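What you see is a predicted model; the values in this text were computed from it and never measured. Numbering starts at 1 and runs along the sequence shown. Just so you know, these numbers use all the heavy atoms, side chains as well, and skip hydrogens, waters and symmetry mates.
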Amino acid sequence: MMPLFFLVLTMKKPPGIKLTTLETFQYNLVVPSNNPLAKQKEIDLFQIADIPLIMRHKRFLSRTALEQIFTNTNFKPKKKLVVDSIDATLQLVKQNMGVGFLMDIAAKNYPGVKSIPLIPSQQIYCYSTLGIREDFMPNKIQAKCLSILKGF
């Protein structure tokens, strides 16, 4: 069995699998750049209680992360809009239709929006990980590939 790549919200190790974190991503609120929230360094989720929250369908990791935050904080958005793509989310935010919840890299350099972290107690991260069976014995090519991947 070859190594597997995972995007996970927790670093709980599955039994028999060695995990190597390749990269860590932060989930942020995405707000219109002309909104007063865009001037803040971090946002408390309760500050957006009356603003429509644009979120992805339940099959996406960002929605799972958001649901975890809702559970941990007892926050329930008064208005929500569910969309199917990152681009649709960013376009709606840019047009001042609400605020989005995406990985920090999704809104990077997107004109008209700004990505702002949640306050530390509400923050959630996504980890890009490499999973390898603990008893995996790579051949020479696999070992070289794994060495390159772990070097990033």
Side-chain angles (χ1 to χ4, degrees), residues 1-31 37-38 40-49 51-94 98-110 113-152:
M1 174 164 43
M2 287 295 296
L4 300 173
F5 294 96
F6 299 96
L7 280 175
V8 295
L9 296 175
T10 179
M11 289 306 294
K12 290 181 184 173
K13 186 175 92 59
I17 302 291
K18 179 182 175 194
L19 294 180
T20 301
T21 300
L22 302 174
E23 196 162 354
T24 301
F25 302 99
Q26 182 173 313
Y27 279 104
N28 289 345
L29 286 178
V30 181
V31 300
L37 291 171
Q40 294 184 207
K41 291 187 182 203
E42 56 189 27
I43 299 172
D44 184 325
L45 200 55
F46 289 90
Q47 289 178 263
I48 65 157
I51 301 172
L53 182 57
I54 302 164
M55 59 181 120
R56 309 285 305 281
H57 286 281
K58 288 185 178 188
R59 68 181 178 272
F60 293 103
L61 197 55
S62 61
R63 178 65 176 270
T64 303
L66 195 52
E67 297 289 343
Q68 282 184 11
I69 294 171
F70 290 168
T71 299
N72 294 342
T73 62
N74 292 319
F75 178 79
K76 294 189 187 331
K78 290 183 182 172
K79 301 174 187 175
K80 56 186 170 185
L81 176 61
V82 179
V83 297
D84 212 17
S85 76
I86 292 172
D87 191 55
T89 301
L90 294 170
Q91 284 293 327
L92 289 168
V93 170
K94 182 178 179 178
V99 299
F101 183 76
L102 298 170
M103 266 187 215
D104 54 358
I105 60 169
K108 193 175 187 178
N109 301 320
Y110 195 90
V113 302
K114 190 164 180 197
S115 178
I116 311 286
L118 291 168
I119 60 173
S121 65
Q122 297 171 352
Q123 190 51 255
I124 195 162
Y125 298 90
C126 177
Y127 305 93
S128 173
T129 60
L130 173 65
I132 303 171
R133 275 190 353 254
E134 289 175 349
D135 60 353
F136 178 65
M137 298 298 291
N139 61 34
K140 287 182 182 182
I141 294 171
Q142 291 169 330
K144 189 171 184 176
C145 290
L146 289 171
S147 171
I148 292 168
L149 287 171
K150 290 179 181 180
F152 282 99

Show every donor-acceptor pair shorter than 3.5 Å between a side-chain atom in residues 85-94 and any protein atom, with sequence neighbours excluded, or say none if there are none.
residue	atom	partner	partner atom	Å
S85	OG	A88	N	3.0
D87	OD1	Y110	OH	3.4
T89	OG1	S85	O	3.0
Q91	NE2	Y110	OH	2.5

Practice item. Just jot down the side-chain contact (heavy atoms from CB on, under 4.5 Å) partners of I119, sequence neighbours excluded, or say none. Key: E42, D44, S121, Q122

Point to revise | Among L146, T21, L19, side-chain contact (heavy atoms from CB on, under 4.5 Å) partner for L130 | key: L146

Revision key, fill the gap. Hits for side-chain contact (heavy atoms from CB on, under 4.5 Å) against N109, two or more places apart or cross-chain, chain-then-number order -> none

Point to revise | Short side-chain to backbone donor-acceptor contact, Q142 and N139, under 3.5 Å | key: yes

Please table the atom pairs, donor to acceptor, closer than 3.5 Å between any side-chain atom in residues 73-80 and protein atoms at least two apart or in another chain.
residue	atom	partner	partner atom	Å
T73	OG1	I69	O	2.7
T73	OG1	F75	N	3.3
K78	NZ	D50	OD1	3.0

**Study point:** Over all atoms of both residues, closest heavy-atom pair of D104 and S115
**Key:** CA-OG, 4.0 Å

Revision key, fill the gap. D84 meets the salt bridge (Lys or Arg N to Asp or Glu O under 4.0 Å) criterion, sequence neighbours left out, with R59

Practice item. To the nearest 0.5 angstrom, please state how far the OH atom of Y27 sits from the OG atom of S62. Key: 5.5 Å

Review point. For the atom pair NZ (K114) and CD (Q40), what is the distance rounded to the nearest 0.5 Å?
Key: 10.0 Å

**Study point:** Pairing residues for E23 by the side chain to side chain donor-acceptor pair (under 3.5 Å) criterion, not counting sequence neighbours
**Key:** none

Check your understanding: How many angstroms lie between CG in L66 and CG in L45, if you round to the nearest 0.5 Å?
Key -> 7.0 Å

**Study point:** side-chain contact (heavy atoms from CB on, under 4.5 Å) involving P117 - partner list, sequence neighbours excluded
**Key:** Q26, N28, Q123

Practice item. Would you please test V99 and L53 for side chain to side chain contact (heavy atoms under 4.5 Å, CB included) and show each step? Key: CA-CA 5 Å; V99 299; L53 182 57; 3.9 Å; yes

Revision key, fill the gap. d(I43 CD1, L37 CG) to nearest 0.5 Å is 4.5 Å

Review point. Can you tell me how far CD1 of I48 sits from CZ of F101, rounded to the nearest 0.5 angstrom?
Key: 9.5 Å

**Study point:** E134 and I17, any side-chain heavy atoms less than 4.5 Å apart
**Key:** no

Exercise for review: With sequence neighbours excluded, tell me which residues meet salt bridge (Lys or Arg N to Asp or Glu O under 4.0 Å) with E67.
Suggested key: R63

Review point. Rounded to the nearest 0.5 Å, what separation is found between the CG atom of L118 and the CD1 atom of I124?
Key: 9.5 Å

